[in-house]
Amino acid sequence: MDIFKFGGASVRDANGVKNLASIIRGYKTGELLVVISAMGKITNQLEELSKGYLQGSSETHKIFEEIKAFHFEIIEQLFGDKGSQVYNDVANTFVEIEWLIEDEPDNDPDYIYDQIVSIGEIVSTKIVTAYLNLIGVKALWADARNYIQTDNTYREGKIDWAKTQQKIQNGLTPLLKDNIIVTQGFIGGTTENYTTTLGREGSDYSAAIFASCLNADAVTIWKDVPGVLNADPKWFDETEKIPQLSYHDAIELTYYGATVIHPKTIKPLQNKGIPLFVRSFIEPQGTGTAITKDNNPLPVPSFIFKINQALISIFPKDYSFIIEENLSNIFELFHRHKIKINTMLNSAISFSVSVDDHSKKIEKLITDLSTEFTVKYNKGLELVTIRYYNQSTIDRVTVDKDILLEVKSRYTCQMVMKNKA
Ligand code: ASP
Ligand code: MG
C-alpha cells in the first residue's frame with residue numbers, strides 16, 4: 001500500500017484540487033491513503049483568527065468571513081449546482097468555530113489555537129473527498145483525530161505510538177481494501193477526544209506516521225518542486241535535483257533548515273525502511289527524488305541558508321577556561337530559555353553560538369548569562385550549511401560576505417557570515 005501527501009500549495013484553488021484528483025485517478029497500483037494539508041495559506045489565516053480571538057480584536061469576524069468565503073468559492077467552482085451536500089458539511093464544520101469564538105476565551109491559548117487552526121485540514125479533506133466521489137473515484141473521508149493519538153501538549157502533540165498503531169491498524173486496514181482513504185495531515189486527538197496539532201508544517205510527519213503504522217510500501221510527497229534540490233530555488237537560480245539521497249543525508253539537510261520535508265518525517269520511515277519519494281504535482285510524470293537506505297553520498301554539494309541569525313559569544317568573566325562546568329551552565333540557560341542552537345564553536349576562553357534572532361527571548365537569555373559571563377551579541381547574520389562541501393561551493397556562497405565563524409566536520413561545513421560593509 002502507498003501513502004500520498006499533498007501540501008497546501010497543491011490544493012490552493014479549484015484547479016489544484018482537480019490536478020490532485022487526476023494524480024490519484026492515475027494511481028492504479030493498489031491500496032492508497034492520501035494525507036492532505038489545509039488549502040493554500042489557510043493555516044496562516046486561521047492562526048490570525050485564533051490570535052484575534054484571544055486578543056479580543058475587532059478583526060476576528062472579518063478574518064473568519066474571509067476564510068469561509070475562500071472555501072465556498074472553491075466549492076462553487078468545483079461542484080457548481082451539485083455542491084449542496086459538501087457545502088452543508090463544510091458550513092457545519094465552520095459552525096463549531098463560530099460557537100467557540102462567540103464566547104470570551106477562558107481556556108489555555110494553545111488549546112484554543114489547536115481547536116481553531118485544525119479546521120483548515122478538516123475542511124480541505126472534506127472538499128477533496130467529495131470531489132473525488134463526484135468524478136467517480138471511490139474515496140472515504142477519515143478523521144485523523146480518531147487515529148493519531150497524542151498527549152495533550154497543544155500545538156505540539158506528542159505521538160502515543162502504541163495506541164496510534166493499534167487504532168490505525170484496526171480502524172483503517174479493513175477500509176483500505178475497497179476505498180481510497182483521504183485524511184488530514186497536521187492534526188491528532190487526545191484520549192479525551194480533544195484536537196491537537198503536531199507543529200506547523202507537520203503534515204509530512206502525519207504521512208510518515210500513517211506509513212509506519214500501516215507498513216506502507218512507500219510514501220510520496222507531492223510538491224511544487226521537481227524533487228529535493230541542492231539549494232532553495234527561492235534564493236538561487238542554478239539548482240540541481242538530487243535523484244537519490246540516504247535517510248541520513250535527508251535528516252541532516254532538513255535538520256539544518258532545508259524546508260522541502262519536515263525534519264520529523266524521516267526517522268519513522270528509516271526505522272521501517274520505507275522509501276520516501278518527493279515528486280512534482282506540476283509535472284507528475286517526473287521521477288523526483290527517492291530517499292532510501294542506500295548510502296550514496298550526494299552527487300553535488302547541497303547548501304541551506306538560515307537568515308536572521310544572531311551570534312552570541314560568551315566569555316568567562318574570571319578568565320577561567322571554557323570547561324565542562326561553564327558549558328553545562330551555559331547549556332542549561334539555553335535550554336531554560338528554549339533557544340535552539342544552530343551551530344557552535346568553543347575555544348579556550350570563549351564559546352560562540354548562532355541562533356535564530358528572536359530578540360525578546362535572546363535579551364532575557366543574555367541578562368541571565370551576564371551574571372557569570374561577558375556576552376557579545378551580533379545581529380543580522382546568515383548561517384549557511386553545506387553538506388558535502390567543496391571549495392568552489394564555499395566560494396559561491398561567500399561572495400561579498402565576511403565570515404565570522406566557521407565549523408567544519410568531514411561532510412558538513414557551516415559558516416556564520418554577514419554582508420561586507
Ligand atoms: N497546514 C499546516 C501548516 O500549514 C500543516 C502543513 O501544511 O503541513 O502548517
Ligand atoms: Mg502548509
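Order of appearance sets the numbers: ligands from 1, and atoms from 1 within every ligand. Keep in mind that this is a model prediction, so the values were computed, not measured.
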A.B. asks: Relative to ligand 1, is His262 under 4.0 angstrom through side chain, backbone, both or neither, heavy atoms considered?
C.D. replies: neither
A.B. asks: Applying the side-chain contact (heavy atoms from CB on, under 4.5 Å) criterion to Val219, which one of Val278, Ile291, Val35, Leu269 satisfies it?
C.D. replies: Leu269
A.B. asks: Does this structure show an ion pair linking Lys68 with Glu66, if we count only N-O contacts that are shorter than 4.0 Å?
C.D. replies: no
A.B. asks: Does any N or O of ligand 1 fall below 3.5 Å from an N or O anywhere on Lys5, backbone included?
C.D. replies: no
A.B. asks: Could you check whether Lys340 makes a cation-pi contact with Tyr255, meaning its NZ or CZ is under 6.0 Å from the centre of the six-membered ring and within 45° of the ring axis?
C.D. replies: yes
A.B. asks: Hey, is Glu47 close enough to Lys51 for a salt bridge, meaning N to O under 4.0 Å?
C.D. replies: no
A.B. asks: Arg200 to ligand 1: N or O pair under 3.5 Å?
C.D. replies: yes
A.B. asks: Which atoms of ligand 1 sit under 4.0 Å from any heavy atom of Glu121?
C.D. replies: 1 (N), 2 (C), 5 (C)
A.B. asks: Think Lys126 forms a cation-pi with Trp141, using NZ or CZ under 6.0 Å from the six-ring centre and within 45 degrees of its axis?
C.D. replies: yes
A.B. asks: With a heavy-atom distance limit of 4.0 Å, tell me whether Ser37 approaches ligand 1 through its side chain, its backbone, both, or neither.
C.D. replies: side chain
A.B. asks: Can you tell me if Gly185 contacts ligand 1 (heavy atom of the residue under 4.0 Å from the ligand)?
C.D. replies: no
